[in-house]
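Each remark here refers to the structure printed beneath this line.
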Amino acid sequence: MDIQQLQGLVNQMTLEEKIAQLLQLTAHFHEGTDNEGQVTGPMEEMGITEPMVTASGSILGLSGAQAVIDVQNTHLSKSRLGIPLLFMADVVHGFKTIFPIPLAIGCSWDMELAEKSAEIAAKESAVSGIHVTFAPMVDLVRDPRWGRVMETTGEDPYLNSLFARAFVRGYQGDHLKDDPDRLAACVKHFAAYGAPEGGRDYNTVNMSERQLREQYLPAYQAALDEGCEMVMASFNTVDGIPASGNEKLMRGILREEWAFDGVLISDWASIREMVAHGAAEDDAEAAYRAIRAGVDIEMMTPCYVNHLPQLIRNGRVDEALVDEAVLRILRLKDKLGLFDNPLRAADPVREQEIIFCEEHRNVSYQLAVKSSVLLKNSGILPLRSDANVALIGPFAQSGDILGWWSCEGNKEDAVQLGDALQKRLSGGKLGIAEGCGLDSITSQQIEAALETASQAEIIVLALGEESAMSGEGGSRTDIRLPQAQLELVKHLKTLGKPMAAVIFNGRPLDLHGIYEEADAVLEAWFPGSEGGAALADILLGNVNPSGRLTMSFPQSVGQVPVYYNHFNTGRPMDPANQEVRYVSKYIDSSNDPLLPFGFGLSYTTFAYSDLTISSPELKAGEALTVQVKVTNTGDREGEETVQLYIRDVTGEVVRPMRELKDFRKLALAPGESGTASFTVTEEQLRYYHSDLSFTSDPGSFQVFVGPNSRDTLEQHFKLNHL
């Protein structure tokens, strides 16, 4: 349909039909689902009538090709104008084939694999009947207490923006209407959801507009620049106003400044939550504020359907606001080809062939390998294939390695570490003991663990958080491993045997109690369906780890938030003179994180040398070339992620100590050297000034190149605007 035809469809709709298009309900409300007939109570409680359900525009959370086909056909048989439903779901890091959590994918620094994971997730979802995914989540994060850090790619706006684009490309492809195996993407959560006070989910967010624009908005904008079709409003306040009713944010920045004309959806019940926030007196006022802000779809509350008709009749709301929202929704349905084929890619036969197929699982394996980060190694890894190994811990034989938001993934299908190690040990022995529960330990478990470990050459610990300890609603004040697991480590340490720890988790942890006790530490995150296979191959050296952290690991929770791109202070601490009191420091801890952004080890080593810059001066319209020599000084092939950081030494606004501007990956054989080359332009040096102008300042700049944000070589140049 062209825009005139879609507008004509809007003109044929009654006011109630139009407003119902703005309503999103779960599948339970619709005929043809397993829960049909169980929603009388919820319908009455919400004030939802059967005609509202019949005229509603979208469904949340239903999947399975036949179920979607049945519901869509039933809906169309009752729809006066034949307007198809949109089916949406939280396909965050895989549908049936589960990939590592997004924070782990970030640690791969691999945009091609990230895009491929989204493409596969889209294909499995589409054939199962889904049209829209509530992904990617691109919220910038700095506080690991917040459980939803697992859904993001980290603490850096530049890197997050690259991943935002990659995920959108993967989900949507180049021609959404002509490629039924793709989904419409929905970037979330707009805006600044990743900065809640105290790391507590749904909590207040408070920051300057300058900080919002410089650090938090770029990744959302990158997703939209890539063509992302939808935006989800966040739960939190932005400058004291809940996002779902924030006209400046949604109308001003999103619609007018960025020219976004796609669909804006609330998060679950977030329109009604304006009442709890204290920003609306009742549901009617919440509806008034949300429609004025430009929220097109209300998820799982009835403020629009119950109150917009009266608000329009009494003149408080212009019906044109509803018309434009309906038109955007219809346009998305048309972009997905639903008016021509309401079932799109839903196909029960093809569904069985595609989901969780070997090809998709192979990509999950590759990403699990690339996203695992070796945090420490005294030389005990990789294991010999003929070694006598004791695998001990609650994750030794656990399928709880998929993580939160694992959609249709089953823990029973996940490759467990113990099984994978057993298959790969050639001539060696593997003893397995649970050692403890996730957060409990008994004398019998300790005794069995000590017995198993005493018969082995080396102990591999499989420790971590269960998936429910992170994710939405999974905020924690204590981000150490559970005490029972730390107690297990102490008991095993008495045997004096080398220990390697594999950590499964959804956030950076305070690793005290394991980092200093273990001889090697491998960060597995929640690695997805093929996680056990990938980790076993890393432990045995069949593959070389190459992951690099995209969130800093704190020394302790008391440092949080700790992140690499921080400001200096007027009284910075001199690392060479830490006894001075009246400087910005802790008296009981280092200021530095335990492990910095960009950090990760390999089974080989790399040396950096000969950092050069093509000119000591950069002029507007020109470019500098920065080069560094990197040599593989170890005895096996490895991949190094060479990172370029820049610091603006003096700015009109205080600038971060360093900011990631680019990176290169070099695959080098033993003894081989390679050159990483970067281009630096004036555009990369721009930032938001106090008047919100986006410009650069002439003056001195530092260039840092190295394997992480801490261990770098340094050069200098001056920017000249003349």
Requested in this report: State whether the side chain of K370 and the backbone N or O of S546 hold a donor-acceptor pair below 3.5 Å, judged by distance alone.
Outcome: no

**Report entry** Within-4.5 Å side-chain heavy-atom neighbours: Q24 and I265
**Finding:** yes

Query raised in the report: When you look at T452 and I432, which way does the side-chain contact (heavy atoms from CB on, under 4.5 Å) test go after all the steps?
Result: CA-CA 7 Å; T452 301; I432 299 178; over 6 Å; no

Report summary line: Scanning both residues in full, the closest heavy-atom pair of L463 with P394 reads CD2-CD, 4.0 Å

Query - Check: T153/N160 side-chain N/O donor and acceptor closer than 3.5 Å - result: yes

Report summary line: With T550 as partner, the option from D156, L103, T152 fulfilling side chain to side chain contact (heavy atoms under 4.5 Å, CB included) is L103

Report task. To the nearest 0.5 angstrom, please state how far the CE atom of M137 sits from the CG atom of D90. Result -> 11.0 Å

Report task. Tell me yes or no: between the side chains of D439 and Q483, is some donor less than 3.5 Å from an acceptor? Result -> no

Query raised in the report: Considering only heavy atoms from C-beta outward, does the side chain of R200 approach that of W146 to under 4.5 Å?
Result: no

Query raised in the report: Are the side chain of E155 and the backbone N or O of S552 linked by a donor-acceptor pair below 3.5 Å?
Result: yes

Query raised in the report: Minimum heavy-atom separation for P100 to P527, with atom names?
Result: CG-O, 3.4 Å

Report summary line: Between the OG atom in S709 and the CG atom in L660, the distance rounded to the nearest 0.5 Å is 9.0 Å

Query - N505 versus E523, side-chain donor and acceptor atoms under 3.5 Å - result: yes

Query raised in the report: Near K490 NZ, under 6.0 Å, is it more than 12 heavy atoms from other residues, nucleotides or ligands?
Result: no

Report task. Could you check V502 against F395 for side-chain contact (heavy atoms from CB on, under 4.5 Å), going step by step and ending with a plain yes or no? Result -> CA-CA 9 Å; V502 182; F395 284 90; over 6 Å; no

Query raised in the report: Going through the distances and angles, do F167 and V138 end up as a side-chain contact (heavy atoms from CB on, under 4.5 Å)?
Result: CA-CA 10 Å; F167 287 133; V138 301; 5.8 Å; no

Query raised in the report: Is a donor on one side and an acceptor on the other found under 3.5 Å between the side chain of Q485 and the backbone of G393?
Result: no

Query raised in the report: Does the side-chain hydrogen bond (donor to acceptor under 3.5 Å, both in side chains) test come out yes or no for D419 and Q397, once each step is laid out?
Result: CA-CA 7 Å; D419 292 342; Q397 288 284 66; 3.1 Å; yes

**Report entry** Heavy-atom side-chain proximity of R548 to F663 below 4.5 angstrom
**Finding:** no

Report task. Would you check if L509 and R480 make a side-chain contact, meaning some heavy-atom pair closer than 4.5 Å? Result -> no

Requested in this report: Verify salt bridge (charged side-chain N to carboxylate O under 4.0 Å, His left out) between R476 and E465, making sure each step is shown before the conclusion.
Outcome: CA-CA 11 Å; R476 296 178 61 196; E465 305 176 304; 2.7 Å; yes

Query raised in the report: Short question: side chain of S266, backbone of I271 - any donor-acceptor pair under 3.5 Å?
Result: no

Requested in this report: Starting at CG of L488, measure out to SG of C436 and round the result to the nearest 0.5 Å.
Outcome: 4.5 Å

Query raised in the report: Considering only heavy atoms from C-beta outward, does the side chain of S372 approach that of P545 to under 4.5 Å?
Result: no

Query raised in the report: Going by atom types alone, do S270 and E273 pair a side-chain donor with an acceptor below 3.5 Å?
Result: no

Query raised in the report: Taking the six-membered ring of W405 as reference, does the NZ or CZ atom of K188 fall below 6.0 Å from its centre and within a 45° cone about the axis?
Result: yes

Report task. With rounding to the nearest 0.5 Å, note down the distance linking OG1 in T237 to CG in N246. Result -> 9.0 Å

Report task. State whether the side chain of H277 and the backbone N or O of F235 hold a donor-acceptor pair below 3.5 Å, judged by distance alone. Result -> yes

**Report entry** Atom CD of E516 with >12 non-hydrogen neighbours under 6.0 angstrom
**Finding:** yes

Query raised in the report: What pair of heavy atoms forms the shortest contact from V369 to A534, and how long is it?
Result: CG2-CB, 3.6 Å

Query raised in the report: Is there a side-chain contact between R165 and E115, using heavy atoms and a 4.5 Å cut-off?
Result: no

Query - Whether S364 side chain and I98 backbone form a donor-acceptor pair below 3.5 Å - result: yes

Report task. Under the salt bridge (Lys or Arg N to Asp or Glu O under 4.0 Å) rule, collect the residues that match up with R658, sequence neighbours excluded. Result -> none

Query raised in the report: When you check the side-chain N and O atoms of Y563 and Q215, is any donor under 3.5 Å from an acceptor?
Result: no

Query raised in the report: Do D537 and Y365 get their side chains close enough for a donor-acceptor pair, meaning under 3.5 Å?
Result: yes

Requested in this report: Answer whether the closest heavy-atom distance between the side chains of S470 and F526 falls below 4.5 Å.
Outcome: yes

Query raised in the report: Does H189 use its side chain to pair, donor to acceptor, with the backbone of V231 at less than 3.5 Å?
Result: no

Query raised in the report: Do S398 and Q416 have side-chain N/O donor and acceptor atoms under 3.5 Å apart?
Result: no

Query raised in the report: What is the ring orientation for Y564 with F597, classed by angle as parallel under 30°, tilted 30 to 60°, or perpendicular over 60°?
Result: parallel

Requested in this report: Give me the one residue out of D267, N236, D201 that meets side-chain hydrogen bond (donor to acceptor under 3.5 Å, both in side chains) with Y193.
Outcome: D201

Query raised in the report: Side-chain contact, heavy-atom cut-off 4.5 Å: Y171 with T133?
Result: yes

Query - Salt-bridge present (D413, K96; N to O < 4.0 Å) - result: yes

Query raised in the report: Just wondering, are more than 12 heavy atoms of other shown residues or ligands nearer than 6.0 Å to CG in D711?
Result: yes

Report task. Verify whether one side chain among N377 and Y603 offers a donor that lies under 3.5 Å from an acceptor in the other. Result -> no

**Report entry** Distance-only side-chain donor-acceptor flag, Q643 / Y645, under 3.5 Å
**Finding:** yes

Requested in this report: Drop me the distance from M551's CE to M150's CE, to the nearest 0.5 angstrom.
Outcome: 12.5 Å

Query raised in the report: Just how far is it from atom OG of S125 to atom CD1 of I120, taken to the nearest 0.5 Å?
Result: 11.5 Å

Report task. Just jot down the salt bridge (Lys or Arg N to Asp or Glu O under 4.0 Å) partners of E434, sequence neighbours excluded, or say none. Result -> none

Query raised in the report: Looking at the rings of F87 and H131, which for Trp means the six-membered one, are their centres under 6.0 Å apart?
Result: yes

Query raised in the report: Below 6.0 angstrom between ring centroids: does that apply to W525 and F504?
Result: no

Query raised in the report: Looking only at atom types and distance, does a side-chain atom of H512 sit under 3.5 Å from a main-chain N or O of Q555, one as donor and one as acceptor?
Result: yes

Query raised in the report: Would you say the side-chain atoms of S371 pair up with the backbone N or O of L367, donor to acceptor, closer than 3.5 Å?
Result: yes

Query raised in the report: Run the side-chain contact (heavy atoms from CB on, under 4.5 Å) check on L421 and L391 step by step: do they pass?
Result: CA-CA 9 Å; L421 267 178; L391 177 63; 4.2 Å; yes

Query - Heavy-atom pair of closest approach, residues F163 and I105 - result: CZ-O, 3.5 Å

Query raised in the report: Distance-only, no hydrogens or angles: does the Q559 side chain make a donor-acceptor pair with backbone N or O of S590 under 3.5 Å?
Result: yes

Query raised in the report: Looking at residues at least two apart in the chain, or sitting in another chain, which of them share a salt bridge (Lys or Arg N to Asp or Glu O under 4.0 Å) with R710?
Result: none

Query raised in the report: If we ignore angles and hydrogens, is there a donor and acceptor under 3.5 Å between the side chains of E124 and T97?
Result: yes

